[in-house]
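Please read the structure below before turning to the comments.
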Amino acid sequence: MIKLFGIPFKNPIFIASGVFGFGLDFKEVSNKVGALFTKGITLKPRPGNPPPRIVETAAGLINWVGLENPGVDIFCRDILPKVKKLKCRVFVNVAGFSINDFEKIVEKLADRIDGLEINVSCPNVKEGGVLFGQDPKIAAQVTGAVRKRTRLPVIVKLTPNFCDPLLIGKACIDAGADGLSLINTVFGQAYNAHTGERIISGGLSGPAIKPFALFCVNRVSVLGVPVIGIGGIETVADVREFLSAGASAVAIGSALLRDPYLPIRIIRELKVVSNISKNEKL
Ligand SMILES: Cc1cc2nc3c(=O)[nH]c(=O)nc-3n(C[C@H](O)[C@H](O)[C@H](O)COP(=O)(O)O)c2cc1C
């Protein structure tokens, strides 16, 4: 058991946003993890982008899903009652295209969940598409606006793209964030080497980004709030690396597409490893 933001979690293995939907297809897995971060929820329903949406690369995936989701109203009416029956903490990943979007979504969610993960990797429409999370002032504005509207734990999910997570993370904490999660996907593209056509332009995830994610987690670990480490986690050894870098817990993403039962195996193996190290100390 671990305690973060004043609430207990049964273990430090969480499910990252986006790859497991709302955790309802594999309830037996969701029921075992410490927390589930839902797919990003927007104010209005979004159909997402046309295919190809996910392309495999040498050591990871590039996705361009486009935040497909039913929107906050349908989520609250049809999905949330089922999600609330899961035996894990539930954090809703909130995605907006304006500060007003974030405020409205948070108000509609009210206090029916365990916490919020604020996805600042979305483009800010008013600022010509610069991501909220690329500018410390704007990231702080989003965090402050959310903070005013909720008493739930607020985790800001940082983008690693063309900005320093330390500066952005500090601005968000100063504006009231309780914790940070990182990293979101890294900008990436793939081209057809024969025709020269672009196949996809989106976010890279998986083992390719793990060393960079460790660096980013370690960089923000000085800020003194709980950090959820994300990026290319596939094994217990990966989990231990993130904990060594300063994470309080970790979230598994892309690896679930290959093996949805991976969290159960990691939780079991982690227990064995920690029992061994306890015994070694005796
Ligand atoms: C298909 C897919 C969809 C994702 N959707 C979201 C999302 O809705 N919100 C979000 O904050 N992150 C989203 N992510 C990012 C992941 O939560 C995670 O931060 C990233 O993939 C790095 O972790 P990984 O290497 O374990 O996949 C998505 C990732 C993938 C691969």
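Start at 1 and go down the list; that is how both ligands and their atoms are numbered.
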Among all protein heavy atoms, pick the one closest to [atom] and tell me residue, atom and distance.
atom	answer
atom 11 (O) of ligand 1	N93 ND2, 2.9 Å
atom 26 (O) of ligand 1	G253 N, 3.1 Å
atom 7 (C) of ligand 1	S17 OG, 3.2 Å
atom 23 (O) of ligand 1	I230 CG2, 3.3 Å
atom 21 (O) of ligand 1	S205 CB, 3.2 Å
atom 20 (C) of ligand 1	T185 CG2, 3.8 Å
atom 15 (C) of ligand 1	N184 OD1, 3.3 Å
atom 29 (C) of ligand 1	N63 ND2, 3.6 Å

Query raised in the report: Can you tell me how far CD1 of I138 sits from CG of L131, rounded to the nearest 0.5 angstrom?
Result: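 L131 CG to I138 CD1: 10.0 Å, rounded to 0.5 Å.
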Item checked: For the student: nearest non-hydrogen atoms of G246 and S221, plus distance ->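 So the two residues come closest at CA-CB, 4.0 Å.
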**Report entry** Expected output: side-chain K32 to main-chain K87 donor-acceptor under 3.5 Å
**Finding:**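 Side chain of K32 to backbone of K87: no pair is present.
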task: Return yes if some donor-acceptor pair links the side-chain N/O of N49 with the main-chain N/O of W64 below 3.5 Å, else return no.
output: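 Such a contact is found between N49 side chain and W64 backbone.
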> Do any nitrogen or oxygen atoms of K157 come within less than 3.5 Å of a nitrogen or oxygen of ligand 1?
Replying inline: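 The answer is yes, given that K157 and ligand 1 share an N or O pair closer than 3.5 Å.
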Self-check item: N/O separation below 3.5 Å, G40 to ligand 1
Solution: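 For ligand 1, there is an N or O atom that lies under 3.5 Å from one belonging to G40.
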For this session: Could you tell me if any non-hydrogen atom of A255 lies under 4.0 Å from any atom of ligand 1?
Result: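 Not so, A255 does not reach ligand 1.
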Side chain, backbone, both or neither: which applies to [X] and ligand 1 if a contact is any heavy-atom pair less than 4.0 Å apart?
X	value
N119	side chain
L61	neither
I183	backbone

Under a 3.5 Å threshold, yes or no: a donor from one side chain and an acceptor from the other, between [X] and [Y]?
X	Y	value
E117	N93	yes
T159	N184	no
S205	S254	yes

Under the side-chain contact (heavy atoms from CB on, under 4.5 Å) criterion, do Q189 and Y191 qualify, and how do the steps go? CA-CA 7 Å; Q189 295 187 336; Y191 290 83; 2.5 Å; yes
Enumerate the atoms of ligand 1 whose separation from the nearest heavy atom of [X] is less than 4.0 angstrom.
X	value
G232	24 (P), 25 (O), 26 (O)
I209	22 (C), 25 (O)
L67	8 (O)

Just say parallel, tilted or perpendicular for the rings of F215 and F212, cut-offs at 30° and 60°.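 Judged by the thresholds at 30° and 60°, the geometry between F215 and F212 is parallel.
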Q) Parallel under 30°, tilted from 30 to 60°, perpendicular over 60°: which one fits the rings of F26 and F20? A)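 If you compare the ring of F26 with that of F20, the planes turn out parallel.
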* To do: Please test F14 against F91 for ring pair (Phe, Tyr, Trp, His ring centres under 6.0 Å), starting from the C-alpha separation and ending with a verdict.
  => CA-CA 10 Å; F14 301 171; F91 279 65; 7.4 Å; no
